[in-house]
A.B. asks: 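Before I ask anything, let me first share the structure, which is written out below as structure tokens.
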Protein chains: 2
Amino acid sequence: MAENEGVVKLLGFWASPFSRRVEMALKLKGVPYEYLEEDLPNNKSPLLLELNPVHKKVPVLVHNGKILPESHLILEYIDKTWQSNPILPQDPYQKSMARFWAKFVDEQVITLGFRSLVKAEKGREVAIEEAREIIMFLEKEVTGKDFFGGKTIGFVDMVAGSIIPFCLARLWEGMGIDMIPEEKFPELNRWIKRLSEIETVRECIPHREKHIQHMMKVAERYK
Amino acid sequence: MAENEGVVKLLGFWASPFSRRVEMALKLKGVPYEYLEEDLPNNKSPLLLELNPVHKKVPVLVHNGKILPESHLILEYIDKTWQSNPILPQDPYQKSMARFWAKFVDEQVITLGFRSLVKAEKGREVAIEEAREIIMFLEKEVTGKDFFGGKTIGFVDMVAGSIIPFCLARLWEGMGIDMIPEEKFPELNRWIKRLSEIETVRECIPHREKHIQHMMKVAERYK
């Protein structure tokens, strides 16, 4: 069997940006897959616990007996295994920088745009300004480009897209915060519009109202 | 100029495991480099702030005008650019798993073996047991293998080596804790001995007594 054949299964959760970005990659590459929805956070399936004993988290990709946890690793695996519509650059330096910005989103943007904001230990206005300072790095990075990946959607677009417009923005909306206003972040807003026009991306966006309610509940748990 | 030519500079800090692992890779691959020691944490050079404006952290690798922050990204770049003595597997799945364990070390092992241990909010004995539970995953992973990478030292060995025996163990020693006793962790102890026998690794190990003092000071700051 060729490396890119065989059944693909994805264990995910509808509101998890980490699951959504994996679906974006599978859809972009036209890989058929079976999706198994997990009931999180309190009713994890025995299969999930068996497949990801270390972290017990979604997403988990299963392909030809190989079990892959963690969205960045899964995206890299998908890109190597199904080579059409590449999502990572070939050049080692460009590839490193894509990984850098993806990590930046999952660490800095989530910390400032979610955890610190929800706790707001120094007050909500300070938390908003601190989150904006971090997001401004992305505004600069996408300036003059269609996508973070260049002319087409790539690794950073999937990571940042699943987190910012299609996850954190739902929380911000629920909290009544205009975090990335057009006048301060014109490039990011342009990028979000471009991203939302891609059919395979649109298919991965959680239902808005249900998602806002969900994010507000998650925020309550973190307060 | 070929991709693997040109001057290589590394901004590092003697006690930083993230710097040490990059030196391990450069030495293993026989890449000549200029090492620039930073005076951390309070006296960062203007060069560091200029090269790594997002995180302002070591290590930073500079090669042919390319600026690379973060040790995992640097190791991947080094492996692609200087291909002798490969440190990552070629197979996409094996490569993903190497990245998985490296991330596991830098997140879980550091959190449990350093932060939670130093704070010891539930008491020192509980903290030690929780750290051991996490480290036990590595004991299992290295069982029956010379190195995490197989027959030779690889990505996970450099990441875990720089953190566990040559960094956290210095803190544990300073705190009087026998965290990974031979009888509980025979495989990890065997691995540490093997690792310590490699000349290029030995060259990257910080001076023991100076390092213990340093780690105890760092721990004080985190309490």
Side-chain angles (χ1 to χ4, degrees), chain A residues 3-4 6 8 22 51-57 59-83 88-109 111-112 133-138 140-141 155, chain B residues 2-4 6 22 51-57 59-83 88-109 111-112 133-138 140-141 155:
Chain A
E3 265 184 19
N4 60 359
V8 175
V22 171
L51 296 180
N52 190 0
V54 177
H55 301 300
K56 306 174 181 72
K57 285 182 181 167
V60 178
L61 189 89
V62 185
H63 178 227
N64 290 341
K66 295 168 195 161
I67 300 152
L68 287 120
E70 302 206 15
S71 68
H72 291 207
L73 305 185
I74 297 174
L75 290 177
E76 297 235 12
Y77 175 83
I78 289 172
D79 202 36
K80 275 280 184 197
T81 305
W82 295 276
Q83 297 183 359
L88 272 158
Q90 278 300 307
D91 173 75
Y93 179 65
Q94 296 302 329
K95 193 179 281 186
S96 291
M97 291 319 293
R99 289 177 184 141
F100 174 83
W101 287 113
K103 197 166 173 240
F104 175 83
V105 168
D106 276 5
E107 291 178 359
Q108 305 292 311
V109 178
T111 300
L112 277 298
E133 273 175 35
I134 281 296
I135 298 168
M136 189 53 78
F137 281 104
L138 296 174
K140 285 179 189 154
E141 186 57 23
F155 189 68
Chain B
E3 266 184 19
N4 61 0
V22 171
L51 295 180
N52 191 359
V54 177
H55 301 301
K56 306 176 181 72
K57 284 181 182 167
V60 178
L61 189 88
V62 185
H63 179 226
N64 291 342
K66 294 167 195 160
I67 300 153
L68 288 122
E70 302 205 17
S71 68
H72 291 206
L73 305 184
I74 297 174
L75 290 178
E76 297 236 11
Y77 175 84
I78 289 172
D79 202 36
K80 275 282 183 196
T81 306
W82 295 276
Q83 297 182 359
L88 273 157
Q90 277 301 305
D91 173 75
Y93 179 65
Q94 295 303 328
K95 192 180 281 188
S96 292
M97 292 319 294
R99 289 177 185 139
F100 174 84
W101 288 113
K103 197 166 174 238
F104 175 84
V105 168
D106 276 5
E107 293 178 358
Q108 305 294 310
V109 178
T111 299
L112 276 297
E133 274 175 35
I134 281 296
I135 298 167
M136 189 52 79
F137 281 104
L138 296 174
K140 285 178 188 155
E141 185 57 23
F155 189 68

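In the text below, chain A, chain B and the rest are named by the order of the sequence lines, each starting its count at 1.
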A.B. asks: Nearest 0.5 angstrom please: A/F100 CZ to B/I74 CD1, how far?
C.D. replies: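 CD1 of B/I74 is found 10.5 Å from CZ of A/F100.
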A.B. asks: Where does B/H72 contact chain A at under 4.5 Å (heavy atoms): side chain, backbone, both or neither?
C.D. replies: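 Neither part.
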A.B. asks: Is it the side chain or the backbone of A/H63 that comes within 4.5 Å of chain B heavy atoms, both, or neither?
C.D. replies: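 For A/H63, there is no contact with chain B at all, as no heavy atom is under 4.5 Å.
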A.B. asks: Not counting sequence neighbours, which residues clear salt bridge (Lys or Arg N to Asp or Glu O under 4.0 Å) with A/E76? List them please.
C.D. replies: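 So A/E76 forms a salt bridge (Lys or Arg N to Asp or Glu O under 4.0 Å) with A/R99, B/R99.
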A.B. asks: Can you establish whether the number of heavy atoms outside A/K80 located under 6.0 Å from its atom NZ is more than 12?
C.D. replies: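 Count not over threshold, so no.
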A.B. asks: Can you sort out the partners of B/S71 under side chain to side chain donor-acceptor pair (under 3.5 Å), two or more places apart, ordered by chain and number?
C.D. replies: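 Side chain to side chain donor-acceptor pair (under 3.5 Å) list for B/S71, sorted by chain: B/R21.
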A.B. asks: Among B/K103, B/K95, B/M97, which has the most heavy-atom pairs under 4.5 Å with chain A?
C.D. replies: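 So the answer, after comparing B/K103, B/K95, B/M97, is B/K103.
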A.B. asks: Using every non-hydrogen atom in the two residues, find where A/Y93 and B/I67 come nearest and quote the distance to one decimal.
C.D. replies: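 It is OH-O, 3.3 Å.
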A.B. asks: If you take all heavy atoms of B/P53 and A/F137, which pair is closest and at what distance?
C.D. replies: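 Looking at all heavy atoms of both residues, the closest pair is O-CZ, 4.2 Å.
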A.B. asks: With rounding to the nearest 0.5 Å, note down the distance linking NE2 in A/H55 to CD in B/Q108.
C.D. replies: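 Reported value, rounded in 0.5 Å steps: 5.0 Å.
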